[in-house]
Each structure stands twice: as structure tokens, then as C-alpha cells.
Protein chains: 2
Amino acid sequence: MVTSKQLQKAHSCAAGFVLAINDTLNVITGKWKLPIIGSLIYGKKRFKELEREIPKITPRMLSKELKDLEMNGIVKRTVYDTTPVTVEYEVTEAGRSLKSVLDKMVEWGLAHRKQVMGKK
Amino acid sequence: MVTSKQLQKAHSCAAGFVLAINDTLNVITGKWKLPIIGSLIYGKKRFKELEREIPKITPRMLSKELKDLEMNGIVKRTVYDTTPVTVEYEVTEAGRSLKSVLDKMVEWGLAHRKQVMGKK
DNA sequence: GTAACTACTATACTATAGTATAGTGGTATA
DNA sequence: TATACCACTATACTATAGTATAGTAGTTAC
């Protein structure tokens with residue numbers, strides 16, 4: 001038998017899970033987050049290199065998404081005092097730790113793609 | 001040394017990963033998807049029960065998100081030929097298989113919440 | 001007959017996400 | 001001096017996601 005206290009506990013627990021999941025989702029949702037992470041996984045890159053490597057991205061979106069990723073500790077931005085300035089982006093340890101999450105998502109996505117109807 | 005062929009392979013591979021990850025993301029993104037799944041995990045529910053259980057959701061959004069989830073094979077809708085009709089929603093096996101993905105996301109979210117700045 | 005319940009749908013709106021296009025300030029090269 | 005590269009920013013727009021509010025068709029209870 002399920003008591004109302006148990007249900008309450010289950011619900012507040014589920015709510016906490018939802019918060020934690022949303023923290024994770026906020027980090028990787030955004031049309032260009034995964035392509036950027038994917039591109040930086042192979043090594044440090046400069047702004048223009050990313051712009052050239054990621055087809056169709058605009059500098060505005062690249063800048064915005066990099067800022068989000070930096071704010072969330074996924075990417076580190078380093079400015080070198082050269083002339084002209086060089087700016088390099090690289091994934092952090094926290095960024096690399098996303099791999100286990102992404103791996104699970106790849107796994108599930110591949111296994112269930114047939115059933116999944118993309119939002120056309 | 002990294003050849004251009006290897007890079008090409010790595011890139012097309014990464015692109016495939018991005019597609020698979022997006023398939024997974026499409027299933028769980030949407031403001032009310034997780035609360036709905038979370039609510040149904042504890043057992044079948046009727047439309048009105050979900051509406052009462054999920055604070056602030058409107059029938060329009062509940063209906064839309066349930067349709068998305070049904071389309072993606074996460075939730076099953078059953079109509080019982082009673083008078084008046086009874087409609088029940090439940091998570092499918094595919095829905096339950098999301099658990100391993102969600103668990104990883106909870107884990108990462110909890111571990112990195114400090115660094116993550118919610119989009120205020 | 002009227003009030004209330006179920007399972008929604010319709011219409012109109014606001015807010016957020018993403019795009020298109022142009023421009024800035026500094027530097028280097030021809 | 002004129003052109004081009006780097007690392008962006010500004011402005012204005014479109015598209016998608018989500019909200020607010022009301023209403024529908026069928027049924028049951030008073």
C-alpha cells in the first residue's frame with residue numbers, strides 16, 4: 001500500500017530529479033551547442049576556425065553559444081596578448097565529463113530512432 | 001599525425017552522433033515532458049489526473065505534449081469504451097528505457113549544478 | 001433544466017530562440 | 001592608401017515554444 005507521505009516523498013524527489021535533468025539539458029540545448037562541443041573535442045580552436053568548421057553558423061550565434069558554454073563551465077576562453085589578439089576556445093574537464101551523458105544519449109537515440117518521429 | 005581522411009571520418013562520425021543525440025533530445029525537451037513522464041512513471045493516469053497533478057499546466061499544453069510523447073513511442077494512449085469515455089496514458093517500454101539516460105543526466109546535473117548558471 | 005465532470009480543441013496572444021545583414025576597431029599586407 | 005583578416009557586436013527581423021482564456025460534445029447527478 002502506498003501512503004500519501006510516500007507519494008509526497010516520491011514527488012519531491014522526482015521534482016529534484018527534474019531540476020537536475022534541466023540543469024543538464026540547459027547546457028546542451030541550443031541548436032549549435034553540440035556542433036561546437038563536437039568541434040572543440042578535437043582540440044583548441046579559434047573563433048574564426050570554429051566559424052569556418054561549423055557550416056551555416058553565424059558569428060552572432062557562435063558568439064552567443066560560446067558565451068553560454070563558457071558561463072556553464074563547459075568551454076574555456078583564453079585571450080593571448082599577441083598582435084592582433086588571438087582567442088582560443090577549449091573544452092574543460094566538466095565539458096569532457098559530459099561525454100558519459102552524451103554517450104548514453106547516442107546509445108538511446110540509435111536504438112530508438114525508428115520509433116522517433118522527428119518534429120518535421 | 002592526423003590525416004585529412006581521418007579528420008573527415010571523425011567529422012562524419014561526430015555528425016552521426018549529433019543526429020542520434022538530437023533524436024534523444026527531441027523526445028525530452030519541452031517544458032512539460034519530464035513532469036509528465038515523472039507523473040506517469042508511478043502508473044497509468046487519466047488526462048484530468050495529470051492536469052491536476054502537474055501544477056500550472058494548461059490542457060492545451062498537456063494535450064500537445066502527450067501527443068508528442070505518443071508519437072515518439074514514449075507514452076501509450078488507451079481509450080476505454082465506457083460512458084463517458086475513459087482515456088488512460090501510460091509509459092511504454094521505450095519510455096522506461098529512457099531511465100538510463102535520465103539517470104546519467106541527474107548524475108551530471110547534481111555534480112555540476114554549482115558551475116551551471118541557469119539561463120536566468 | 002441546470003450544474004458539473006471528462007477529454008479535449010480553438011483562437012489569440014507573448015516570449016524565447018534563431019536568422020540575416022551590416023558594421024566596428026584593431027592590425028597586417030600589397 | 002586600399003584591401004583584407006580577426007573577433008566579435010548591433011539592429012532588425014522571422015519562427016518556434018509556451019500562455020491565457022474560452023468553448024465543445026457527451027454524460028451524469030440533482
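Heavy atoms only: backbone and side chains are in, while hydrogens, waters and symmetry mates are out.
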> NZ of B/K64 versus P of C/dC8: gap in Å, rounded?
Replying inline: 16 Å
>> Taking the minimum atom-to-atom distance to the side chain of B/S63, which one of C/dT9, C/dT6, D/dA7 wins?
In response: C/dT9
>> Can a donor-acceptor pair be found, under 3.5 Å and without considering hydrogens, that links the side chain of B/E65 to the backbone of B/W32?
In response: yes
>> What contact category does B/R60 fall into here, base, sugar-phosphate, or nothing, at under 4.0 angstrom with non-hydrogen atoms?
In response: base
>> Using a 4.0 Å heavy-atom cut-off, does B/K31 contact any base of the nucleic acid, only the sugar-phosphate backbone, or nothing at all?
In response: sugar-phosphate
> With a 4.0 Å cut-off, would you call B/E49 and B/R52 a salt bridge?
Replying inline: no
> Looking at A/K67, does any N or O in its side chain come under 4.0 Å of the phosphate oxygens OP1/OP2 on D/dC8?
Replying inline: no
>> Please pick, from D/dT19, D/dC8, C/dT19, the nucleotide with the shortest atom-to-atom distance to any side-chain atom of A/F47.
In response: D/dC8
> Counting only N and O atoms by type, is there a donor-acceptor contact under 3.5 Å from the side chain of B/K76 to the main-chain atoms of B/E70?
Replying inline: no
> Minimum heavy-atom separation for A/E51 to A/P59, with atom names?
Replying inline: OE2-CD, 3.7 Å
>> What's the closest nucleotide to the side chain of B/R46 if the choices are C/dT9, D/dC8, C/dA7?
In response: C/dA7
> A/W108 and B/S100: side-chain donor and acceptor closer than 3.5 Å?
Replying inline: no
> In whole angstroms, how far is the P atom of D/dA20 from the CE atom of B/M61?
Replying inline: 11 Å
> Does B/R52 have a side-chain nitrogen or oxygen under 4.0 Å from the phosphate oxygens OP1 or OP2 of C/dC5?
Replying inline: no
>> Side chain of B/P59 only, heavy atoms from C-beta on: which candidate in D/dA7, C/dC8, C/dA22 is closest?
In response: C/dC8
>> Whole angstroms only, please: what is the NZ-P distance between A/K44 and D/dA7?
In response: 14 Å
>> On the nucleotide D/dC6, are OP1 or OP2 found under 4.0 Å from the side-chain N or O atoms that A/Y80 carries?
In response: no
> Does OP1 or OP2 of C/dA28 have a side-chain N or O of A/T83 closer than 4.0 Å?
Replying inline: yes
> How close or far is atom P of D/dA17 from atom CD of B/E65, stated in whole angstroms?
Replying inline: 10 Å
